[in-house]
Protein chains: 2
Amino acid sequence: MTSFSEENYLKAIFHLEKTSTGGVSTNALAEKLETKASSVSEMVKKLSKKELVAYRKYQGVSLSDKGREAAVEIIRKHRLWEYFLVEKLNFSWTEVHDVAEQLEHIQSEKLVLELDKFLGFPRKDPHGDPIPDTQGNFQSLEKVLLAEVEPGQQGLCVGVRDSSREFLEYLDKNKIALGKTIEIIEREEFDQSLLIRLENEELHISKSIANNLFIKII
Amino acid sequence: MTSFSEENYLKAIFHLEKTSTGGVSTNALAEKLETKASSVSEMVKKLSKKELVAYRKYQGVSLSDKGREAAVEIIRKHRLWEYFLVEKLNFSWTEVHDVAEQLEHIQSEKLVLELDKFLGFPRKDPHGDPIPDTQGNFQSLEKVLLAEVEPGQQGLCVGVRDSSREFLEYLDKNKIALGKTIEIIEREEFDQSLLIRLENEELHISKSIANNLFIKII
DNA sequence: TTAAAAATTTAGGCAGCCCTAAAAATTTAA
DNA sequence: TTAAATTTTTAGGGCTGCCTAAATTTTTAA
Ligand SMILES: [Mn+2]
Ligand SMILES: [Mn+2]
Ligand SMILES: [Mn+2]
Ligand SMILES: [Mn+2]
């Protein structure tokens, strides 16, 4: 029905729609999918013919309801598998993404349903991202980037914006993990870096790190 | 490295080698893979160039050591996933094959290793077929087709030769399952059908059923 | 308002994997 | 041993999804 490639396009459009006003641009998609704009143009026409996206030349694409449903199902599978890999197979949160990129394309309704059940219906993946339920509903949390928090406030580390291996390994190295408490001690105005208290340890982190870490104020 | 398609060819050649003297024929491969002889010719040349098979025009193919290693790894993955689906996700042995056909192509050494460990290093899949270990060693069992057993003998049901959904459903319907005891009471000479005792119940089965069920004489 | 820059689409190709039809080699049966 | 039947390969395409280069449209900035 939908090929791996088509599924990857739908997923990418879904993610890009969250941060783009109007349609998702061809270039944005090309960059996200590490392909060329011309390839995107082509594929987007195909998805449009299948009524998975709405597309007007030069105006970008957006998901149709059907397309969004498909995208959410892929994201659901991706995150359930990530959870499985970490909880059952001793994978670290830095290792799961690439394997999940493959597993998310396995076609079997029963598989997803039973996997979800087997895992105890988890609602967050190892990176703190919500796992949509069977209906496609996300259970979202009010979270804020650490970079946007004022000194004196504290919160629980609940997610990452960048879930690249490099960033996650940086967090591991500095013992920053989901569920830990973080308090902002002070912000250096010159470079916007932060001095934080992480479970009783003081730590200095740069603005770009703070910009990729979500916390929930407590 | 190897595409889904190439992997399917390698696996098919591996299975066909067991019952063919000399190279595996183009037609045999085409039938197994539900494709055309011309496609097989083409692919076989490609696999030969990659040194995964030995191939001489008109003489059929056989796996190289490298090719056999790859094939065994795919079979290992297929059977581990089948075991997982049955033992952890409530799949029946009739349902696992198609999903395993997809899962066997997932590329991740760690995934296979950890899955094997998670499952407790099972050495038989739900159909009684051996699961090769990390080294590629099969632990095979002396088993015999029920059709070849003489009246009076009894054995343990240990495997199926045909693992199609239809055959497995027939077995389910008649409560024939791996691990159960079967005794041959008598063979009808006219049609080679058998009267058997299955755990204290008498049952009549045709020759073609007996021809697809493996038992271990006890 | 217009020209340059940037974004997007179209044109033309390539690789993988499949197909049908035709040609060639091998096997089988006279 | 030879002709017919069968098997296998080759020729010629199709389709998907990718790419580069050229054309077109839109946006930005004089
Ligand atoms: Mn991921
Ligand atoms: Mn994730
Ligand atoms: Mn199977
Ligand atoms: Mn099996």
Side-chain angles (χ1 to χ4, degrees), chain A residues 1-14 16-17 19-63 67 70-71 74 101-102 104-105 107, chain B residues 1-13 16-17 19-63 67 70-71 74 101-102 104-107:
Chain A
M1 174 72 240
T2 54
S3 67
F4 281 24
S5 203
E6 287 169 342
E7 293 192 347
N8 286 334
Y9 272 87
L10 292 176
K11 194 171 46 131
I13 296 167
F14 180 90
L16 290 172
E17 270 187 342
T19 52
S20 82
T21 59
V24 172
S25 79
T26 300
N27 265 0
L29 259 177
E31 191 187 0
K32 181 135 207 160
L33 292 165
E34 295 180 272
T35 183
K36 297 301 157 84
S38 55
S39 303
V40 172
S41 263
E42 229 177 31
M43 179 60 98
V44 137
K45 265 188 238 164
K46 226 179 74 182
L47 294 173
S48 178
K49 193 170 301 170
K50 291 194 179 187
E51 301 194 307
L52 292 161
V53 302
Y55 169 58
R56 287 197 347 274
K57 268 190 194 178
Y58 294 101
Q59 308 305 309
V61 271
S62 51
L63 293 172
I74 299 158
E101 284 291 310
Q102 299 178 62
E104 72 189 3
H105 301 294
Q107 308 275 5
Chain B
M1 177 66 240
T2 54
S3 68
F4 281 25
S5 203
E6 289 169 340
E7 293 192 347
N8 287 334
Y9 272 86
L10 293 177
K11 192 169 50 131
I13 296 168
L16 290 172
E17 271 188 341
T19 52
S20 85
T21 58
V24 172
S25 79
T26 301
N27 265 0
L29 258 177
E31 191 187 359
K32 180 133 209 163
L33 292 166
E34 296 180 90
T35 183
K36 297 302 158 82
S38 55
S39 303
V40 172
S41 264
E42 226 178 33
M43 179 60 98
V44 138
K45 265 188 239 165
K46 225 180 75 180
L47 294 173
S48 177
K49 194 171 301 174
K50 291 192 179 188
E51 303 194 306
L52 291 161
V53 302
Y55 169 59
R56 286 197 349 272
K57 268 190 193 179
Y58 293 101
Q59 308 304 308
V61 271
S62 52
L63 293 172
I74 298 159
E101 284 291 308
Q102 299 178 63
E104 72 189 3
H105 301 293
I106 303 290
Q107 308 274 7

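Letters A, B, ... are given to chains in the order of the sequence lines, protein chains preceding strands, and every chain is numbered from 1.
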Tell me the interatomic distance from A:M43, atom CE, to C:dT8, atom P, rounded to whole angstroms. 18 Å

Taking only side-chain nitrogens and oxygens of B:K45, does any of them come within less than 4.0 Å of OP1 or OP2 of D:dT10? yes

Nearest-angstrom distance from the residue atom CG of B:L33 to P of C:dC18: 8 Å

Whole-Å distance separating the CZ atom of B:R56 from the P atom of D:dT9: 12 Å

Side-chain N,O (A:Y9) to OP1/OP2 (D:dC18) below 4.0 Å: yes

Would you mind reporting whether A:T35 and A:Y9 have side-chain heavy atoms less than 4.5 Å apart? yes

N/O contacts under 3.5 Å, protein versus nucleotides 12-15 of chain D?
none

Would you say A:N27 places a side-chain N or O within less than 4.0 Å of OP1 or OP2 belonging to C:dA6? no

Would you say A:S3 reaches D:dT16's phosphate, i.e. side-chain N/O to OP1/OP2 under 4.0 Å? no

Could you tell me whether a side-chain N or O of B:E17 sits under 3.5 Å from a main-chain N or O of B:L63, the two making a donor and an acceptor? yes

So, is B:Y58 near the phosphate of D:dT10, with a side-chain N or O under 4.0 Å from OP1 or OP2? no

Where the side chain of B:K36 is defined as all heavy atoms beyond and including C-beta, which of D:dT7, C:dC19, C:dT9 is the nearest nucleotide? C:dC19

Would you indicate, yes or no, if C:dA7 has its OP1 or OP2 atom less than 4.0 angstrom from a side-chain nitrogen or oxygen of A:K57? no

Note, B:V40 side chain near B:N27 side chain (heavy atom, < 4.5 Å): no

Side-chain donor/acceptor of B:S38 to base of C:dT20, under 3.5 Å: yes

Mutual orientation of the aromatic rings belonging to B:F4 and B:H105 [parallel < 30°, tilted 30-60°, perpendicular > 60°]: parallel

Pair of N/O donor and acceptor under 3.5 Å linking D:dT10 base with B:S41 side chain: no

May I ask you to say what A:S39 touches in the nucleic acid, namely base, sugar-phosphate or nothing, with a heavy-atom cut-off under 4.0 Å? base

Can you check whether A:N8 reaches A:E104 side chain to side chain, under 4.5 Å on heavy atoms? yes

Walk me through it: do A:L29 and A:V61 pass the test side-chain contact (heavy atoms from CB on, under 4.5 Å)? CA-CA 10 Å; A:L29 259 177; A:V61 271; 3.9 Å; yes

Determine whether A:E6 and A:L52 make a side-chain contact, defined as any pair of heavy atoms from C-beta on separated by less than 4.5 Å. no

